[in-house]
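Shown next, in structure tokens, is the structure this report addresses.
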Amino acid sequence: MTADAAHIVSSRDDTYLNHTKGLLSWVVTLDHKRIGLMYLLSTALALCLGGVFALLVRTELWGPEENLMSHDVYNQMFTLHGAVMVFLFIIPSIPAAIGNFILPIMLGVKDVAFPRLNLASFYIYVVGAIFLVTSMYLSAIDTGWTFYTPYSSSAQVGSQSAVMSSAMGVFILGFSSIFTGINFIATINTMRPKGMGWFNMPLFLWAVYATSIIQVLATPVLAITLLLLTVERAFGLGIFDPALGGDPVLFQHFFWFYSHPAVYIMVLPAMGVISEVIGTFSRKRIFGYKFIAMSSLAIAFIGFLVWGHHMFTSGQSKLASMVFSGLTYLVAVPSAIKVFNWLTTLYKGSIRLNAPMLYALSFIWLFAIGGLTGMFLGTLAVDVHLHDTYFVVAHFHYVMVGGTVMALFAGLYYWWPKFFGRMYNETIAKVACLLVFIGFNVTFFPQFVMGSQGMPRRYYTYLEQYQPFHQISTVGAYILGFGILMAFAGLILAALKGPKAPDNPWGANTLEWHTSSPPPFDNYASQPEATDPYDYHALVFDEKIGGWVKVEDAPATGGEA
Amino acid sequence: MDAAAHESHDAHGHDHHHDPRLAHHFEDHQHQFDTGKLGIWLFLGQELLFFGGLFCAYSIYRGLHPEVFEEGAKFLNTNLGAVNTVVLLFSSLTAAWSVRAAQLNNKKGLILAIVLTIGCAFGFLGIKYVEYSHKLHEGVFWGQSFHPTREILEEAHVTPGVVPMPAEDGSVDPKAEKIAMLKPNLHTFFSIYFMMTGLHGIHVIAGILVYLWILRRAIRGDFNSEYYGPVDFTALYWHLVDLVWIYLFPLLYLIH
Amino acid sequence: MWFTSDPTFWMPAQASNHAALVDNIYYFLYWASVISFVACMFAGALFVLKYRAKNINDKALSQVDHSTTLELTWTLPVFAVAAVAFYFGVMGFVSMKTPPDDAYEVNVTAYKWAWAFNYANGHTDGNLHIPAGVPVKLTMSSDDVLHSFYVPAFRVKQDVVPGRYTQAWFEVTEPGEYQIFCTEYCGTKHSEMLAKVIVHTEDDFKKWLDSVGNILDRLPPEEAGKMLMTQRGCLACHSIDGAKGVGPTFKGSWGTTRKLADGSDQVMDENYVRQSIMEPQSQIVAGFPPVMPTFKGKLEDREITAIIAFIKSIK
Amino acid sequence: MSIPALLGTFMGLIFLTALTVGVHYGVDLGGKGNLIAAMVIATMKASLVLAFFMHLVFDKRYNFMIFATSVLGVVLFISIAFTDVSQYEPMVQQRQADLAKAAEK
């Protein structure tokens, strides 16, 4: 790789951040890195907004009486919390924000396949978000994020227009997601560099690829579902509304055909981030590369066949429930394979506990609990008892928040030096990680207990026997909220004032670390040839620059042990 | 737009290609074409799933209530449907022809083929308009708005008792109407009919808009044997619209 | 832990024939999860401590990156646990979904935000009264939106869907009182759509059923009206002590004039009450949401007369 | 694509359209016979369009795979949802009959 240095021709002063200046140069940029950062900013705002709703909900639940808000406001709060978190934050966060920034650089290309479509998908996201958030002014939806009919299709207190506005918002957001998916599949398929066969791809790319397949094939069904719901609401179609001969259980089939695979849109890219981070910070080839890569695809495909496990008690037939339960277990296998492989990667590694690694290890802890409790819910007889209780709430928060948010921070701290060319403060990052981890467990673990004890979800008031659990949970929520704010603060501080970052601060060997930090506008002058992404011994730490360099480029006195 | 244009032209100092139609991140025209084609096929894939939802609703309601669909189809004009099928098939031919013309550097042929395609699309919408307006004029709406007149019920030879027959003065017994709507009935058929043909119609309109843009670029002389991706991709989209109609026609019009 | 039917840290007391079955699978999964979780996290912690880099340039001790044997070895137990859970889960589910032919039948109607349990003798009650030691089958439907019938102590849950019937069944051994929740989100007072299962001995149940029949004949109209309104859930939204609810209070309401949503004035008289029960949306009092379900075909004329008598009596 | 191939495909499509309308008016195949015939003809037409107008026979295999995967997705979605709904249909019909009876009163 002697030609490697030649790839980085742009002078270090000319980065994508200062290549062009002014707000307009960001607003109309076609550069995937800037679009990625704009996504990051929007999804981070969505996380904060959703987080505020969550804290309001948790505060109201401090006691069974009215503390902050009335029934109706509470119902709107948990609906908005779910809708904002799912559609505005989790689904676009890792793929659209980190994916947009990192994917082309990992491939050594100048941009994604369709830069205009990429920018369009960002603006579609913004328009969809405006529709969804506008619904708050139209007196807010109170249907739950699942929009179940006939509640959503029949007249409700103050939610007449809000349901339509939010459904249209989510409809529009769907297309943003579809376009991102199309873009990534096309990019990975046709623009891989020389030397990067399918099985030399970094695992993050495999994860994003699997995610994109789901985005392209599942999201359109959500779109048609919400279109039908909107028309049902406006004109009384009678497809889903039983008052007109429609079938509300059919709506659930439609809804979950998308929304179950969507769970994997949320967690697969997170797993991709973890696979990168664990390998790098163990300085060891990731164990079971092919199994991890294939398990991503397996999860994506099996994900399309298990939607009915959300409907075990909904009036779905016995036959369908049994088939869906059986298929659901098939997801357990690839998920377990991933966890085992990550743990085995640690074995005989050379482990460094920098912040990204701590977040990644926390991810494994939380995801393991989330995955194991998923087994309870996939088991028919047990699910009958646990369905629609706090057990389910705890389970999917462990997977989606424990999973995605932890991996999001792992990824952000890992790639932040690449994003902005500045290092973060390890102490802030680690303390924030500890707070998030503790806060998360304190919030959601008690919910498993009260769910098993029968506490139903989406309840404004509750029986007194559940109060201690609710109070622990509320305390945890505040710790969690504080931890997340601190994690963000660490990142913002680093971007503004952090010390200069080397090109390769972690000793990772995927292509994005071979360009400068932050990358030049063009990423690479010409596409570099790919090397083994997990050959960590090709790199040594260079004290002088505080980062890692190729063995052959290292000073003769290099610190090889 | 200035900044974006600035970026893409001033992308890097040592431009190794000068064709502005070739984006800077592709190696050559073939690479760009293959990528674009993959993109459009992915888009068509999602279109299939998008329509798939409606086909799902259709299958379930027809599978469980075939009699409703038999009655419903009586309202539809099979001849107009068949004519529209032919119009759309012809437009598919001209769309495919436009790709051939572009590949052969035949600018005149390209323009003619696109104009014919757009013309057929308008023809299709015109016939659809005739069908829609007749139905809506006679109260044949979707779902809860379904209040057919006596005339159209007699014209369609609807089996007595399927929906309440309006009295001479046009009034309907509200109780009978409510009972008819409790289960899937003609109003459900027309919900599905209007959703499917309506969504298909919106795709036709979108196709017209894209083709007008392609026409403008064709007249400007953008396309040649090396660069004709947009013509090909639009044609692929147009064929998909045709493909959906190929199924809609027998599923809605040809029911015994 | 799972041989007890008493409440545990995780599970409420077992009160129906399904409960032990559900709990056995639950605890099987619970211990399988605890063991595998502890094992994994212990291994992870051990590796992190033992293989921590002392010097930043330390190489990993091994670069072995695959072992198909190992992959298969740890896939198998996952399969095995899944297979066991699947098998017992399905068996339990099938038995929960297959009511015996001789089950005692109760019809259930759910509406915002109350339950109506309907007995063969025509009596409708707001709580579910059942005999102990007899399988009971519920045939349920909803008048408005989705609801869900859930009794944690029975481990029974079934959505109640408008436009169709769904069924649930169970057999309770010991008399007692158990909590019913609505577990499918249904709007404003979803969390207050509660009721009780009251399990009598078989003899007591018969006595109870006789005593609640014909209340109109046996009781003065005010009392019968009050019973009806409690049973049908009217008082969940309309208070009788002047408190503001989802609907207007009945306290001192009789004969007063009220402003309707369309701006007109209306005296609270017999016609108005009758009309409001039959077609609630036609004359909504200003400032209240139009959410009351219709009781057309569900209340007899005599019953409405009794209700009116009761409303008159609330001063 | 050559002119004969284009025109040939088009004539094939027109012929199949005439055939499907002809079967509709002229032949009663009984039971689901006509539906099956119509769907078989439609699928033949769709294959013609896909193979020639959309050049799938000349194209990269990956594009065909995308299309096939989407079709598979639609088929799975419809068939599973249909199976379930038809399983619980008796519960729906019974309730609808009872509601109609109640509304008669």
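Letters go in sequence order (proteins before strands), and every chain restarts at 1.
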- [ ] I would like to know whether A:Tyr347 and C:Leu61 meet side chain to side chain contact (heavy atoms under 4.5 Å, CB included); could you show each step before the answer?
- [x] CA-CA 9 Å; A:Tyr347 176 68; C:Leu61 296 174; over 6 Å; no
Task: Largest heavy-atom contact set with chain C, pairs under 4.5 Å, which of A:Arg352, A:Gln465, A:His387 - done: A:His387
- [ ] Could you tell me the separation between the OG1 atom of C:Thr183 and the CG atom of A:Leu386, rounded to the nearest 0.5 Å?
- [x] 11.5 Å
Task: Side-chain heavy atoms of A:Pro456 within contact of C:Cys182, under 4.5 Å - done: no
- [ ] Tell me, yes or no, whether the heavy-atom count around C:Phe42 atom CZ, taken from other residues, nucleotides or ligands under 6.0 Å, exceeds 12.
- [x] no
- [ ] Measure the shortest side-chain to side-chain distance between A:Phe291 and C:Thr68 over non-hydrogen atoms and say whether it is less than 4.5 angstrom.
- [x] yes
- [ ] Output, in order, the C-alpha distance, side-chain angles, deciding distance and verdict of side chain to side chain contact (heavy atoms under 4.5 Å, CB included) for C:Val145 and A:Ser154.
- [x] CA-CA 9 Å; C:Val145 299; A:Ser154 54; 4.3 Å; yes
Task: Under 4.5 Å from any heavy atom of chain A - which part of C:Met11 - done: both
TODO: Step through the shown structure and confirm whether more than 12 heavy atoms of other residues, nucleotides or ligands are within 6.0 Å of CD on A:Glu65.
DONE: yes
TODO: Would you mind reporting whether A:Leu361 and C:Val48 have side-chain heavy atoms less than 4.5 Å apart?
DONE: yes
Task: Inter-residue atom distance A:Tyr289.OH - C:Asp65.CG, 0.5 Å rounding - done: 11.0 Å
- [ ] Applying side chain to side chain contact (heavy atoms under 4.5 Å, CB included), run through A:Asp383 and C:Lys157 and close with a yes or a no.
- [x] CA-CA 9 Å; A:Asp383 182 69; C:Lys157 183 182 291 121; over 6 Å; no
Open item on the list: Report which part of C:Ser95 has an atom under 4.5 Å of a heavy atom belonging to chain A: side chain, backbone, both, or neither.
Closed with: neither
- [ ] Please determine, among C:Val78, C:Ile56, C:Val22, C:Val156, the option with the most heavy-atom pairs under 4.5 Å with chain A.
- [x] C:Ile56
Open item on the list: Would you say that more than 12 heavy atoms from the other residues, nucleotides or ligands in this model lie under 6.0 Å from the CZ of C:Phe88, or not?
Closed with: no
Open item on the list: Could you report the tightest heavy-atom contact between C:Gln63 and A:Arg283, atom names first, then the distance?
Closed with: NE2-O, 3.2 Å
Open item on the list: If we count only N and O atoms by modelled type, under 3.5 Å, do the side chains of C:Asp159 and A:Ser314 hold a donor and an acceptor together?
Closed with: no
Open item on the list: At a heavy-atom distance under 4.5 Å, which candidate from A:Pro334, A:Ser350, A:Ser70, A:Pro242 has the highest pair count against chain C?
Closed with: A:Ser350
- [ ] Please round to the nearest 0.5 Å and tell me the distance separating atom CG of C:Asp58 and atom CD1 of A:Ile351.
- [x] 11.5 Å
Task: Among the listed options A:Val384, A:Leu346, A:Val339, the residue most often paired with chain C at heavy-atom distances under 4.5 Å - done: A:Val384
Task: For A:Arg458 against C:His190, the heavy-atom pair lying closest together - done: O-CD2, 3.1 Å
- [ ] Before giving the answer on side-chain hydrogen bond (donor to acceptor under 3.5 Å, both in side chains), spell out for A:Ser452 and C:Tyr26 the whole-Å C-alpha distance, their side-chain angles and the decisive distance to 0.1 Å.
- [x] CA-CA 10 Å; A:Ser452 297; C:Tyr26 180 94; 2.6 Å; yes
Open item on the list: Please determine whether side chain to side chain contact (heavy atoms under 4.5 Å, CB included) holds for the pair C:Gln179 and A:Leu463, giving the CA-CA distance in whole Å, both sets of side-chain angles, and the decisive distance to 0.1 Å.
Closed with: CA-CA 10 Å; C:Gln179 186 65 48; A:Leu463 303 185; 3.9 Å; yes
- [ ] Answer yes or no: is there a side-chain heavy-atom contact under 4.5 Å between C:Phe93 and A:Lys318?
- [x] yes
- [ ] Flag the one option from A:Ala368, A:Gly246, A:Gly288, A:Gly315 with the top tally of heavy-atom pairs under 4.5 Å to chain C.
- [x] A:Gly315
Task: Beyond-backbone contact of A:Val449 with C:Phe9, side-chain heavy atoms, under 4.5 angstrom - done: yes
Open item on the list: Tell me every residue that passes side chain to side chain contact (heavy atoms under 4.5 Å, CB included) with C:Val64, counting only those two or more places apart in sequence or in another chain.
Closed with: A:Phe287, C:Ser62
Task: Main-chain N/O of A:Asp247 paired with C:Arg164 side-chain donor or acceptor, under 3.5 Å - done: no
Task: Backbone of A:Thr461 reached by a side-chain donor or acceptor of C:Ser191 within 3.5 Å - done: yes
TODO: Fit a plane to each ring of C:Tyr185 and A:Phe78, take the angle between them on a 0 to 90° scale, and name the class: parallel (under 30°), tilted (30 to 60°) or perpendicular (over 60°).
DONE: perpendicular
Open item on the list: So which residue, C:Leu21, C:Thr166, C:Val161, C:Val81, ends up with the most heavy-atom pairs under 4.5 Å with chain A?
Closed with: C:Val161
- [ ] Report yes if the side chains of C:Leu146 and A:Gln252 come closer than 4.5 Å at any heavy-atom pair, otherwise no.
- [x] yes
Open item on the list: I need the residue from C:Pro162, C:Ser148, C:Gly163 with the largest number of non-hydrogen atom pairs under 4.5 Å to chain A.
Closed with: C:Pro162
Open item on the list: Using heavy-atom distances under 4.5 Å, tell me whether A:Phe251 contacts chain C through its side chain, its backbone, both, or neither.
Closed with: neither
- [ ] Report the relative orientation of the aromatic rings in C:Phe37 and A:Trp365; use parallel for angles under 30°, tilted for 30 to 60°, perpendicular for over 60°.
- [x] perpendicular
- [ ] Give me the ring orientation class for A:Tyr329 and C:Phe86: parallel if the planes are under 30° apart, tilted from 30 to 60°, perpendicular past 60°.
- [x] perpendicular
TODO: Please look at C:Ala85 and chain A and tell me whether the side chain, the backbone, both or neither of the residue comes under 4.5 angstrom of a heavy atom of that chain.
DONE: both
TODO: Would you check if A:Phe340 and C:Cys40 make a side-chain contact, meaning some heavy-atom pair closer than 4.5 Å?
DONE: yes
- [ ] Check whether C:Leu46 gets within reach of chain A through its side chain, its backbone, both or neither, counting any heavy atom under 4.5 Å.
- [x] neither
Task: Selection from C:His66, C:Lys97, C:Arg52, C:Lys189 maximising heavy-atom pairs under 4.5 Å formed with chain A - done: C:Arg52
Open item on the list: Quick one: does any side-chain atom of A:Asp388 pair with a main-chain N or O of C:Glu184 as donor and acceptor, under 3.5 Å?
Closed with: no
Task: chain C interface, residue from A:Gly326, A:Gly144, A:Gly245 that has the most non-hydrogen pairs under 4.5 Å - done: A:Gly326
Open item on the list: Out of A:Phe281, A:Trp342, A:Phe448, A:Tyr536, return the one with the most heavy atom pairs under 4.5 angstrom to chain C.
Closed with: A:Phe448
Task: Gap separating the NE2 atom of C:His147 from the OH atom of A:Tyr151, nearest 0.5 angstrom - done: 10.0 Å
Open item on the list: So which residue, C:Tyr150, C:Tyr165, C:Phe79, ends up with the most heavy-atom pairs under 4.5 Å with chain A?
Closed with: C:Tyr150
Open item on the list: Measuring from atom CD of C:Glu192 to atom OH of A:Tyr462, what distance do you get when rounded to the nearest 0.5 angstrom?
Closed with: 13.5 Å
Task: Close side-chain approach of A:Phe376 to C:Ser33, heavy-atom, < 4.5 Å - done: yes
- [ ] Would you kindly say whether C:Glu71 and A:Asn341 are connected by a side-chain donor-acceptor distance under 3.5 Å?
- [x] yes
Task: From A:Asn75 atom CG to C:Thr188 atom OG1, the distance as rounded to the nearest 0.5 Å - done: 6.5 Å
Task: chain A contacts, top residue of C:Ser142, C:Ala82, C:Ala168 (heavy-atom pairs, under 4.5 Å) - done: C:Ala82
Open item on the list: Tell me whether A:Gln453 contacts the main-chain N or O of C:Thr8 through its side chain, where contact means a donor paired with an acceptor under 3.5 Å.
Closed with: yes
